[in-house]
Structures are given as C-alpha cells and as structure tokens.
Chemist: 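Here it is, the structure in full.
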Amino acid sequence: MSILNILYLGPVSGTCLDRANALRRLGHNLTHLDLRSMLPKTVWVDRITWRLGGHLFSPWLLRLLPKFLGNQQFDMVYVDGGEWVTPNIIALFRKHTKKVINYNIDDPLGGRDGARSKAYRMSLPYYDLCVVMRDQNVKEAQVLGAKKVLRVFMTADEVSHTQRKLTDADLQKWSSDVLFLGTWMPERGGFLLELIKYGVPLTIRGSNWHKAPEWQALQPYWKGGSISGGDYAKAIQCAKVCIGLLSKGNRDQHTTRSSEVPALGSLLCAERTAEHMQMYQEGVEALFWKDAAECARMCIYALADETRRASIAEAGKARLAKNKHYNQAVLAQIVSTSLESVQ
C-alpha cells in the first residue's frame with residue numbers, strides 16, 4: 001500500500017481517534033482536524049446541528065478553512081461523520097486533494113438523527129467513496145447519488161481494546177459479574193429491570209440513566225457515568241459477561257461492543273441478530289438471546305460454569321481475529337477501495 005498524506009476530519013477522541021491512530025499505524029501521514037473546534041464553543045452549535053442541521057454552519061467554516069488549508073496538498077481527505085461537511089466544503093477540499101471519502105459509523109440515512117444528517121445527505125454525490133455500517137444504507141446512499149458505497153462491520157482497535165495487565169486496585173474497582181456499559185435509551189431501562197428481577201447480578205455504567213422511568217429501581221445497580229480510554233477497557237475486561245444491547249433507532253444488528261467485548265477478553269451476551277450470528281457461532285463464541293428472559297438464562301448459565309464461560313470468551317476473541325474486525329484491517333480495505341473509486 002502506498003503511504004498517503006491524509007487530512008482526517010473528525011473528533012480527536014473516542015473511536016474516531018482510534019481510527020485516525022490506526023491509519024498512522026498503517027504508515028500514513030495524518031493531519032487531524034476537528035471541524036467542531038472551528039465553530040463557537042457554545043452548546044447552541046450542537047443543539048442547532050441536531051435540531052436544524054449542521055449545514056447551517058458551512059458559511060462559517062468556508063471563511064476559516066482556507067486559512068487552515070493554505071497551500072497544503074493531500075492525497076486524500078477522510079471525513080469521519082460529516083455533519084458539517086456540505087458540497088461547498090467538499091468543493092473547497094477539491095482544491096487540495098483529488099480524493100474525498102466519508103466514513104459514518106452512525107445511521108445517517110435512518111430516522112433517529114434527523115436534521116443532524118442533512119449535510120451528510122446533501123453531500124453524498126460529491127464523495128468518491130461512502131463507507132457505511134448497515135446493509136440498507138448501501139441502497140439508500142445510492143438512491144441519493146453516492147458514486148461508490150462500501151459496507152463494513154464496526155471494529156475494535158488493536159491498541160485501545162487490547163487486554164491490560166490489571167492491578168489489585170483495578171480488579172477491586174472494575175470487577176463485575178454481568179455488565180451493561182452504555183447510555184440510557186428508552187427501551188433499555190425496562191429490559192435491564194427485567195434482568196434484575198430474574199436474579200441477574202447486574203452492574204450498569206453509562207450516562208443519562210437518571211432519565212429512565214425505572215431509575216429508582218435501577219439506581220442501586222448503577223456504578224457511574226460515561227467512561228472512556230483505559231477505564232472503559234478495564235470495565236469490560238473485568239466483567240465476566242457483557243450485555244450487548246442495540247440502538248433500535250439506529251437500526252443496529254451489531255455495534256462496536258460486538259467487537260470490543262471479545263477483543264478485551266470478556267464474554268459477549270447480545271441480542272440474536274443475523275449479523276451477530278454471522279460474526280460468532282452461538283453458544284461457542286458468544287451467547288445470544290431474543291428477550292430478557294432468555295438473556296437472564298444465558299447470564300446465569302455463564303456464571304454457573306467458569307470454565308465454560310472462559311472458553312466461550314476465548315473462542316470469541318479468536319473468531320474476532322479471524323473475522324478481521326479490527327481497525328487496521330478495515331481501514332486498509334477502505335483506503336484500497338478509495339484508490340479504485342470513481343474519479
């Protein structure tokens with residue numbers, strides 16, 4: 001693979017930063033720019049983006065970007081997300097590169113994020129390659145004029161999601177029997193409450209759980225808000241079983257947790273979907289369920305036999321490696337495909 005000089009647009013945090021660092025590990029030279037840093041720091045920018053659309057800020061960005069870009073030339077502009085990238089901004093990038101691609105881990109063509117995705121939808125015909133996570137996104141993007149669409153699976157990261165050497169203090173702080181790590185969503189509170197009623201020794205971590213109608217019953221099981229980085233990895237690694245819930249509004253059939261949990265050596269216990277069953281052999285490499293009652297049975301079954309639980313977790317990690325659902329493998333595929341894209 002050729003070594004590319006890439007302008008990488010996206011947050012300098014989270015899985016976006018993981019992907020940027022994976023491109024660096026592949027040998028590429030990156031200039032990482034978060035367009036949000038060019039916009040006013042007020043929370044109203046984010047609220048307007050979600051409610052009305054990020055395209056409204058394109059005039060602001062078009063005034064500031066030329067100074068940043070200067071005389072720089074890139075082999076590729078890689079847009080991770082794209083809620084502020086309009087056709088006019090892509091036209092500006094064309095003065096500095098021949099290749100502009102987009103990667104979107106969300107479901108910008110579904111109904112959940114609404115106005116936030118206006119700029120993305122407007123810009124689809126102007127990207128050389130659009131990378132999506134869901135089968136239905138392929139046709140939806142093509143209908144809106146996308147030149148070339150690549151569907152990939154969500155990935156774990158070779159560095160961020162590698163197992164840590166744990167101290168006694170780590171084990172004391174992060175150990176749990178059954179963990180759900182994630183943000184509150186309306187469908188999640190009732191599900192987790194059912195698990196508790198079935199006797200599952202549950203730990204909940206994540207933000208906005210105080211909004212749940214079931215909060216009073218769930219609060220004793222909640223052990224803190226959003227975590228990231230090493231703490232995120234340790235929480236998963238120190239859990240015997242990790243519950244994999246999907247975002248119904250995002251039309252998920254798998255999530256990043258579907259790869260991150262096995263990568264960190266924990267046992268994935270997730271909703272039974274066609275994609276999860278494609279990723280792992282049920283009962284051998286992961287556990288699956290259709291409802292809270294079956295999920296509870298799977299959790300209790302796993303906890304009752306430590307040897308069996310550890311065997312499934314180990315097999316899941318091996319299958320993840322075989323699937324190549326890691327950042328470097330998928331990003332190498334994306335770069336290779338982009339170089340073959342329509343000019």
Side-chain angles (χ1 to χ4, degrees), residues 1-11 13-30 32 75-81 99-107 127-135 137-138 141 148-164 229 232-233 236-237 242 244 252-266 268 270 273-281 284-286 313-341:
M1 181 187 296
S2 300
I3 302 304
L4 302 181
N5 186 26
I6 300 173
L7 174 60
Y8 188 97
L9 271 67
S13 61
T15 63
C16 182
L17 180 58
D18 285 339
R19 290 186 286 275
N21 286 335
L23 284 168
R24 291 187 176 102
R25 294 195 298 269
L26 289 170
H28 301 299
N29 301 312
L30 259 68
H32 195 156
D75 298 304
M76 176 186 297
V77 174
Y78 182 117
V79 179
D80 195 307
K99 193 75 62 175
V100 185
I101 72 172
N102 181 281
Y103 174 106
N104 201 307
I105 201 168
D106 291 315
D107 186 12
Y127 287 112
D128 296 294
L129 175 68
C130 297
V131 183
V132 298
M133 308 294 121
R134 295 156 186 84
D135 279 339
N137 289 159
V138 175
K148 187 166 187 176
V149 185
L150 173 66
R151 191 272 159 118
V152 301
F153 279 74
M154 300 181 209
T155 46
D157 187 72
E158 292 84 351
V159 174
S160 293
H161 304 125
T162 191
Q163 288 177 269
R164 270 71 171 159
Y232 173 89
I236 291 176
Q237 185 176 339
C242 285
D252 289 337
Q253 285 210 19
H254 78 286
T255 70
T256 55
R257 302 285 196 282
S258 306
S259 294
E260 293 164 355
V261 169
L264 286 161
S266 188
L268 177 66
T273 66
E275 289 181 6
H276 274 148
M277 295 180 74
Q278 179 182 346
M279 295 170 74
Y280 305 106
Q281 184 179 351
V284 177
E285 298 164 339
E314 184 178 352
K317 184 174 182 178
R319 177 62 182 274
L320 175 69
K322 183 178 179 181
N323 291 342
K324 297 183 179 179
H325 291 163
Y326 278 98
N327 276 335
Q328 287 174 216
V330 171
L331 285 163
Q333 178 190 8
I334 290 170
V335 170
S336 176
T337 303
S338 72
L339 297 178
E340 301 167 357
S341 298

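Count residues from 1 along the sequence.
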Chemist: Only counting residues at least two apart or in another chain, list the ones meeting side-chain contact (heavy atoms from CB on, under 4.5 Å) with Thr255.
Modeler: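 Thr255: side-chain contact (heavy atoms from CB on, under 4.5 Å) contacts with Leu246, Asp252, Arg257, Ser258.
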
Chemist: Can you name the residues that form a salt bridge (charged side-chain N to carboxylate O under 4.0 Å, His left out) with Asp107, not counting sequence neighbours?
Modeler: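 For Asp107, the residues satisfying salt bridge (charged side-chain N to carboxylate O under 4.0 Å, His left out) (neighbours in sequence not counted) are Arg251.
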
Chemist: Mind checking what makes ring pair (Phe, Tyr, Trp, His ring centres under 6.0 Å) contact with His161, not counting sequence neighbours?
Modeler: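 Counting only residues at least two positions away or on another chain, His161 forms no ring pair (Phe, Tyr, Trp, His ring centres under 6.0 Å).
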
Chemist: List in chain and number order the residues that pass ring pair (Phe, Tyr, Trp, His ring centres under 6.0 Å) with Tyr232, two or more places apart in sequence or in another chain; answer none if no residue qualifies.
Modeler: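 Result, ring pair (Phe, Tyr, Trp, His ring centres under 6.0 Å) vs Tyr232: none returned.
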
Chemist: Taking salt bridge (charged side-chain N to carboxylate O under 4.0 Å, His left out) as the definition, give me every residue that meets it alongside Arg151, ordered by chain and number, with sequence neighbours left out.
Modeler: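 Partners of Arg151 under the salt bridge (charged side-chain N to carboxylate O under 4.0 Å, His left out) test: Asp135, Glu275.
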
Chemist: Which residues pass the salt bridge (charged side-chain N to carboxylate O under 4.0 Å, His left out) test with Arg25, sequence neighbours left out?
Modeler: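 Applying salt bridge (charged side-chain N to carboxylate O under 4.0 Å, His left out) to Arg25 gives Asp157, Glu158.
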
Chemist: Under the rule for side-chain hydrogen bond (donor to acceptor under 3.5 Å, both in side chains), what residues qualify as partners of Ser160, not counting sequence neighbours?
Modeler: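 Partners of Ser160 by the side-chain hydrogen bond (donor to acceptor under 3.5 Å, both in side chains) criterion, ordered by chain and then number, come out as Asp18.
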
Chemist: For Tyr127, give me all partners under ring pair (Phe, Tyr, Trp, His ring centres under 6.0 Å), at least two apart in sequence or on another chain.
Modeler: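 Partners of Tyr127 by the ring pair (Phe, Tyr, Trp, His ring centres under 6.0 Å) criterion come out as none, since no residue qualifies.
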
Chemist: With Tyr8, which residues qualify under ring pair (Phe, Tyr, Trp, His ring centres under 6.0 Å), at least two apart?
Modeler: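 Here the qualifying residues are His32, Tyr78.
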
Chemist: Going by side-chain contact (heavy atoms from CB on, under 4.5 Å), name the residues that satisfy it together with Ala141, two or more places apart in sequence or in a different chain.
Modeler: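 Applying side-chain contact (heavy atoms from CB on, under 4.5 Å) to Ala141 gives Leu109, Leu124, Ala146, Val149.
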
Chemist: For the residue pair Gln163 / Lys317, report whether a side-chain donor-acceptor contact shorter than 3.5 Å exists.
Modeler: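 Judged by distance alone, the side chains do pair up.
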
Chemist: Could you list the residues that satisfy salt bridge (charged side-chain N to carboxylate O under 4.0 Å, His left out) with Glu314, not counting sequence neighbours?
Modeler: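 Listed in chain order: nothing, the list is empty.
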
Chemist: Not counting sequence neighbours, which residues clear side-chain contact (heavy atoms from CB on, under 4.5 Å) with Val330? List them please.
Modeler: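 Here the qualifying residues are Val152, Thr155, Ile334.
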
